[in-house]
Amino acid sequence: MKKMGIILILLVIVVGFLFPFFVGPYPLHVVTTVLTYMTLGLSWDMMLRTGQLSFGTAGFFGLGGYAALLTTLYLGVNPLLSIFIGGAFAAIVAFALGYAILRLREIYFAITTLALAGVFTVIARNLHDLTGGPEGKILPSAIFNGDPTKIYWMMFFISLGTILVSEIFQRTRVRFAITAIRNDEITARSSGIDIFKYLLFVFVVTSAIQGVVGGAYAQEYGFISPESAFANSFLLLPIAMCLAGGIYSTLGPVIGSIILGVLSEYLKLLFPYGHLIIYGVIIVALVLFMPHGILGMLKKVLKRTRVEAEVNENAI
Amino acid sequence: MPFEAPILSVENLTKRFGGLIAVNSLTFEVERGEVLGIIGPNGAGKTTLTNVVSGLYTPSEGRIFFRGEDVTYLDAHQRCRLGISRTFQLMRPIKEFTVLENVMVSALFGKGLDLKSAKEKAREVCDFVGLKRVNIPVESATVLELKKMEIARALASDPELIFLDEVMAGLNVDETNEMIETVKRINSRGVTVIVIEHVMSVIKELTHRVIVLDRGKIIAEGSYEKVSHKPEVISAYLGEEE
Ligand SMILES: Nc1ncnc2c1ncn2[C@@H]1O[C@H](COP(=O)(O)OP(=O)(O)OP(=O)(O)O)[C@@H](O)[C@H]1O
Ligand SMILES: [Mg+2]
């Protein structure tokens, strides 16, 4: 069983890696976009696993984008390396802000993260000399000279890394800490868990991921502006994908982003005008009728068959 | 003989909720190895005292010393690691976890073990308190099992001092007797125990010494025999029951 799992994972990695050789540039671009949202969704979900609802996803995504693009522009940093600078910058900002805002809970935390993302946008728009203001900045060339295959590989490996981090969260003491914190902070504290330390840790790690993805995205287009870097879609789509696929897991956001990501492209082709409306309706329907996401529904069905099997066994 | 600080010592401990004084300038000590009973009518401040000493509430006034060390402003997780444990009168299991995982949490973080040793430790304490079904989700556990799980969780961090806040409430005679035996075995492991209980026979059976609280104040202190005959204690209880 375990062996099968490992073989399956290796298969997915190999197929994912060889994917560009099977498809044309358009599907490849769609999948690259899906992977971008997948990493954002996973990072949002990882924070949610601590019980904290963050609306800062697009904010740290944009910070990473600016840090990456501007270091390449002004300091001539290698674009690939600059992506990690984007992650580091987002992490440092998250660390500093986390000290102040991780005492907040629930809606207060959510609103504050949203407000901070708004502040980042205003700063980016007004630091004209550095960021180019509302018009933004353009690099002479996109990363890998815009080669879609290499860009896909870049996102592919960032996604693999994010999935790995998510699984580390799920399989180590981190899972015990953050699940306990999410369920009952009083029990968690009384059992020796340093809540603030874990919240800060998860906030910094997930912001770093968002910064890396933002850096990669900015380098993919060789361009950054406040509107593109801090766009609402980088906050809302990942959340919708997680809710659709199922929260508090690695598989949920992965499934959700693939299904909703591909679906949105398909709808765009079918209905060039109004696809967003249909998309919105589908998201609302998924959330209403599958409160535990697609993954939750699958688990329920599987559990029922298992229980039935057990009952049958007992009858014998 | 070298001077040994009492395991717990509180000085002028006060906890207010707005105008209400739940714990009112308490001063007492707990000797290492003893079983201390805390009794008192509903609302006397027993649970609040537990919350303040275990670090969930910061006191409004006063100081708390654990093994002679000032812990007044340490958070609950730090006090847990130092060796102060407690159960919850209103049980607070982690509902997403199995019974064993609930116990593992304090072995992982209170005692600082790795996953594998924490699992072993959790199995050991579950066994110690007589929990047999450990791999079930908490929602399918019985009340007795949940109470045992609370105690097991409190023990898994290897505490030196443990508060048991009404762990026998709601149990039948056989179950209560089993719990009494468990508490005695906890104490004989070298753990100092503070039992909060309404059932007098339990207090009589278990404790070396009793503190009686009423409206946040100590109204009597001493052996069960001595305390139970004091008129103010009798009237505090009579005043409540009738
Ligand atoms: N968090 C709180 N906020 C406000 N008042 C509180 C709080 N906790 C306790 N109190 C009040 O403090 C007083 C003492 O309550 P506490 O729970 O400590 O009593 P107790 O001795 O444990 O009672 P019981 O035997 O019913 O468990 C009560 O009047 C209670 O209403
Ligand atoms: Mg109480």
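Worth knowing before you read on, the calculation uses all heavy atoms, side chains too, and leaves out hydrogens, waters and symmetry mates. Remember, predicted model here, so these are calculated numbers, not experimental data. Proteins get letters first, then strands, A, B, ... in listed order; numbering begins at 1 in each.
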**Report entry** Under 4.5 Å from a heavy atom of chain A, the part of B:Arg81 involved
**Finding:** side chain
**Report entry** Contact class of A:Arg175 relative to chain B, heavy atoms under 4.5 angstrom
**Finding:** both
Query raised in the report: Quick one: does A:Ser166's side chain have a donor or acceptor within less than 3.5 Å of a partner on A:Thr162's backbone?
Result: no
Report summary line: Of B:Glu101, B:Arg79, B:Gln78, B:Arg86, the largest count of non-hydrogen pairs under 4.5 angstrom with chain A goes to B:Glu101
Requested in this report: Look at the aromatic rings of B:Phe97 and A:Phe176 and report parallel, tilted or perpendicular, splitting at 30° and 60°.
Outcome: tilted
**Report entry** Other residues, nucleotides, ligands: >12 heavy atoms within 6.0 Å of A:Phe157 CZ
**Finding:** yes
Report task. Sort A:Tyr198 into side chain, backbone, both or neither according to what part of it lies under 4.5 angstrom from a heavy atom of chain B. Result -> side chain
Report summary line: So, the part of A:Ala188 with a heavy atom under 4.5 Å from chain B: the answer is neither
Report summary line: In A:Phe95, A:Phe234, A:Phe203, A:Trp44, the residue satisfying ring-ring contact (aromatic ring centres under 6.0 Å, His included) with A:Phe60 is A:Phe203
Requested in this report: Answer with yes or no whether the side chains of B:Gln89 and B:Thr47 bring together a donor and an acceptor at under 3.5 Å.
Outcome: yes
